[in-house]
Chemist: 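Got a structure for you, written out below as structure tokens; questions coming shortly.
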Amino acid sequence: MLTLFPSITIVSSPISLLRPDDLPHPERALAQGEVVRVRRGVYAPAAPWRALRPWARYLARVHAVALCYPDAIFTHESAAALLGMPVIGDPVTVHVLVSSTDAARESSGIRTHRTTSLPEIIAIGGVLVTSPAATAVSLARYRHRAFGLAAADAALRIDPAITREGLLDANESRSSSRGRRTARWSLTRATSARESVLESISDAAREWLGFPPPELQHTFIAADGSVDRGDQWWPEIGLLGEPDGEFKYDGRFGDPALLLRQRRARDRRLLRQEVKAVAHWGWIEVAQVWPLQNILAGHGLPQLYPVQHAPLRSLMALLRPYDVLLSDGAQRRGHSTRAFERTTGGRGNG
């Protein structure tokens with residue numbers, strides 16, 4: 001089913017993409033290092049390309065495929081990148097749907113997925129993608145459960161018409177049973193109240209570590225009438241959890257020192273109310289898992305359930321390449337940098 005979604009926009013390519021006609025001598029420019037080949041017949045300026053973050057390079061690759069194959073229907077991570085949904089790192093492979101009579105294969109960086117019944121397809125700006133709901137269901141079925149949860153949360157934020165029940169129904173109604181049971185874990189927990197990828201993934205880790213669920217986006221009103229909203233609130237012990245993405249303090253949102261002073265002032269304001277402690281963590285604590293356990297336990301949050309080691313180990317494996325790369329980069333630069341984040345919508349990943 002093809003649907004037009006005027007309220008949803010495609011995320012544009014983060015870099016100019018060039019066709020051979022745009023370059024006087026494309027092979028010479030490539031040999032001289034002036035451009036890089038994004039895919040066959042599509043180039044990008046070399047210096048800006050090297051400056052792109054991994055997920056931005058992936059988004060550029062997806063746009064390059066759209067240039068070469070304007071009738072392609074993008075799905076999985078490729079649809080997510082175009083829709084502004086989570087993408088972890090650079091998945092490299094571009095995913096497209098094909099009919100059941102075509103072959104499912106991977107070639108030249110494109111993976112085709114056969115389908116007997118098309119999920120909901122939307123057309124935005126001449127690009128065909130699976131809808132946010134269909135994309136979330138696909139990722140929940142075939143990717144890590146924490147990533148599936150982040151995708152489902154993002155779909156609920158992007159399209160207010162989507163409901164958790166609708167996602168569950170879409171999962172159950174697909175003709176293929178592959179991944180159906182896996183997807184139920186993510187889809188039953190999905191909520192638009194989590195406002196970032198980091199919040200979604202850290203909440204999955206929190207559950208597997210055996211800690212109780214928090215109230216999400218709790219509002220605090222001070223005596224002077226000022227209003228603050230906390231990401232994760234455990235009223236039983238007065239603990240407020242704040243998954244803070246470190247790129248919030250890298251300068252893109254203003255002076256980092258000023259932002260940190262504002263955070264400390266906010267914490268002091270909250271501590272004058274019913275909040276007894278504010279716990280902050282970032283991507284590195286979630287990627288390594290056990291630092292997050294130490295933070296929550298150290299603030300008195302009780303462990304009510306057994307630790308689920310298998311999903312935690314696979315989560316660490318999912319995030320390890322970016323944890324290692326950025327930790328090494330931080331040492332070279334002489335300051336702390338955390339695991340990769342991706343900004344979606346108006347707010348960063350924490």
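Reckoned from all heavy atoms, side chains included, excluding hydrogens, waters and symmetry mates.
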Chemist: Can you tell me how the ring of Trp233 sits relative to the ring of Phe220, calling it parallel under 30°, perpendicular over 60° and tilted otherwise?
Modeler: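 Rings of Trp233 and Phe220: perpendicular, over 60°.
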
Chemist: Do Val278 and Arg266 have side-chain heavy atoms sitting under 4.5 Å apart?
Modeler: no

Chemist: Any side-chain heavy atom of His95 within less than 4.5 Å of one from Thr93?
Modeler: yes

Chemist: Walk me through whether Leu315 and Ile201 qualify under side-chain contact (heavy atoms from CB on, under 4.5 Å).
Modeler: CA-CA 9 Å; Leu315 178 61; Ile201 292 181; 3.9 Å; yes

Chemist: State plainly whether one hydrophobic cluster holds both Phe211 and Trp185, where clusters connect Ile, Leu, Val, Met, Phe, Trp and Tyr through side-chain heavy atoms under 4.5 angstrom apart.
Modeler: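 Linked, Phe211 and Trp185 end up in one cluster.
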
Chemist: Step by step, would you call Gln273 with Leu270 a side-chain contact (heavy atoms from CB on, under 4.5 Å)?
Modeler: CA-CA 5 Å; Gln273 303 177 60; Leu270 289 166; 4.2 Å; yes

Chemist: I'd like to know if the side chain of His299 reaches the main chain of Ile295, judged simply by a donor and an acceptor atom lying under 3.5 Å from each other, with no hydrogens or angles considered.
Modeler: yes

Chemist: Hydrophobic cluster membership, with links at side-chain heavy-atom distances under 4.5 Å among I/L/V/M/F/W/Y: are Val11 and Leu156 in one?
Modeler: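 Looking at the clustering, Leu156 is in a separate group from Val11.
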
Chemist: Kindly compute the distance separating CG (Leu312) from CG (Leu209), expressed to the nearest 0.5 Å.
Modeler: 5.0 Å

Chemist: Is a donor on one side and an acceptor on the other found under 3.5 Å between the side chain of Asp22 and the backbone of Arg19?
Modeler: yes

Chemist: Would the distance check show the side chain of Gln303 and the main-chain N or O of Tyr305 forming a donor-acceptor pair, the cut-off being under 3.5 Å?
Modeler: yes

Chemist: Could you go through the side-chain contact (heavy atoms from CB on, under 4.5 Å) check for Gln217 and Asp231 one step at a time?
Modeler: CA-CA 5 Å; Gln217 308 306 329; Asp231 292 330; 3.4 Å; yes

Chemist: Could you walk me through whether Ile10 and Phe74 satisfy the side-chain contact (heavy atoms from CB on, under 4.5 Å) test, starting with their C-alpha distance in whole Å, then the side-chain angles of each, then the deciding distance to 0.1 Å, before giving a yes or no?
Modeler: CA-CA 12 Å; Ile10 289 292; Phe74 295 97; over 6 Å; no

Chemist: Give me the atom names and distance for the closest heavy-atom approach of Leu97 to Leu118.
Modeler: CD1-CD2, 4.1 Å

Chemist: With a 4.0 Å cut-off on N to O distance, would you call Asp203 and Arg206 a salt bridge?
Modeler: yes

Chemist: Find out if a path of hydrophobic residues (ILVMFWY) with successive side-chain heavy-atom gaps under 4.5 Å connects Val35 to Trp49.
Modeler: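 Not linked; separate clusters.
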
Chemist: Minimum heavy-atom separation for Ala205 and Leu292, please, with both atom names.
Modeler: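 Of all heavy-atom pairs spanning Ala205 and Leu292, the closest is CB-CD2, 4.0 Å.
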
Chemist: If two hydrophobic side chains count as joined below 4.5 Å and joins carry through other members, does Leu198 share a cluster with Leu318?
Modeler: yes

Chemist: Side chains of Thr188 and Leu168: does their closest heavy-atom pair fall under 4.5 Å?
Modeler: yes

Chemist: Would you say Trp55 and Leu17 are hydrophobically clustered, going by side-chain heavy atoms of ILVMFWY under 4.5 Å?
Modeler: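 Shared cluster, no.
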
Chemist: Could you tell me whether Glu34 and Arg28 have a side-chain N and a carboxylate O separated by less than 4.0 Å?
Modeler: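 A salt bridge is absent here (no side-chain N lies under 4.0 Å from a carboxylate O).
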
Chemist: Evaluate Arg174 against Thr115 for side chain to side chain donor-acceptor pair (under 3.5 Å), listing each step before the verdict.
Modeler: CA-CA 10 Å; Arg174 287 200 179 181; Thr115 179; over 6 Å; no

Chemist: With rounding to the nearest 0.5 angstrom, report the CZ to CG distance, Arg141 to Asn171.
Modeler: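 The CZ atom of Arg141 sits 4.5 Å away from the CG atom of Asn171.
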
Chemist: Leu187 and Ala140: which non-hydrogen atoms are nearest, and at how many Å?
Modeler: CD2-CB, 4.0 Å

Chemist: Is a side-chain N or O of Asp244 found less than 3.5 angstrom from the main chain of Gly282, in a donor-acceptor match?
Modeler: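 Between the backbone of Gly282 and the side chain of Asp244 there is no qualifying donor-acceptor contact (under 3.5 Å).
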
Chemist: Closest heavy-atom contact between Val92 and Asp90?
Modeler: N-OD1, 2.9 Å

Chemist: Identify the heavy atoms of Ala46 and Gly33 that sit nearest to each other, and give their distance.
Modeler: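 Closest approach of Ala46 to Gly33: CB-O, 3.1 Å.
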
Chemist: Nearest 0.5 angstrom please: Leu301 CG to Leu239 CG, how far?
Modeler: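 Going from the CG atom of Leu301 to the CG atom of Leu239 covers 6.0 Å.
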
Chemist: For the ring-ring contact (aromatic ring centres under 6.0 Å, His included) test, which of Tyr58, Phe147, Tyr142 pairs with His76?
Modeler: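 Result for ring-ring contact (aromatic ring centres under 6.0 Å, His included) with His76: Tyr142.
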
Chemist: Checking Thr112 side chain against Arg105 main chain: does a donor-acceptor pair fall under 3.5 Å?
Modeler: yes

Chemist: Considering all heavy atoms of both residues, which atom of Pro243 and which atom of Glu199 are nearest to each other, and what is their separation?
Modeler: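 Smallest heavy-atom distance, with atoms named: CG-CG, 3.9 Å.
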
Chemist: Under 4.5 Å between any side-chain heavy atoms of Leu59 and Leu82, yes or no?
Modeler: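 Side chain of Leu59 against side chain of Leu82, heavy atoms only: contact under 4.5 Å found.
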
Chemist: Glu172 versus Arg184: any side-chain heavy-atom pair under 4.5 Å?
Modeler: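 Counting from C-beta outward, Glu172 and Arg184 do come under 4.5 Å.
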
Chemist: Could Arg229 and Glu195 be called an ion pair, given the rule that one side-chain N must be under 4.0 Å from one carboxylate O?
Modeler: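 Looking at Glu195 together with Arg229, the answer is yes, because their closest N to O distance falls below 4.0 Å.
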
Chemist: When you compare the side chain of Pro291 with that of Trp281, does any pair of heavy atoms fall below 4.5 Å?
Modeler: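 No - every pair of side-chain heavy atoms lies 4.5 Å or more apart.
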
Chemist: Measuring from Ile15:CD1 to Arg57:CZ, what's the distance to the nearest 0.5 Å?
Modeler: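 Between Ile15 CD1 and Arg57 CZ, I get 9.0 Å after rounding to 0.5 Å.
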
Chemist: Check whether any side-chain heavy atom of Val197 lies under 4.5 Å from a side-chain heavy atom of Trp283, and answer yes or no.
Modeler: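 The answer is yes, as the side chains (C-beta and beyond) meet within the 4.5 Å cut-off.
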
Chemist: To the nearest 0.5 Å, what is the distance between OG1 on Thr191 and CZ on Arg157?
Modeler: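 Between Thr191 OG1 and Arg157 CZ, I get 9.5 Å after rounding to 0.5 Å.
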
Chemist: Report yes if some heavy atom in the side chain of Ile110 is under 4.5 Å from a heavy atom in the side chain of Arg39; otherwise report no.
Modeler: yes

Chemist: Would Glu242 and Arg263 pass as an ion pair if we require N to O under 4.0 Å?
Modeler: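 Salt bridge absent between Glu242 and Arg263.
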
Chemist: Quick check for you: to the nearest 0.5 Å, what is the distance between Ile122 atom CD1 and Thr130 atom OG1?
Modeler: 7.5 Å

Chemist: So, Trp208 versus His144, ring centres under 6.0 angstrom or not?
Modeler: yes

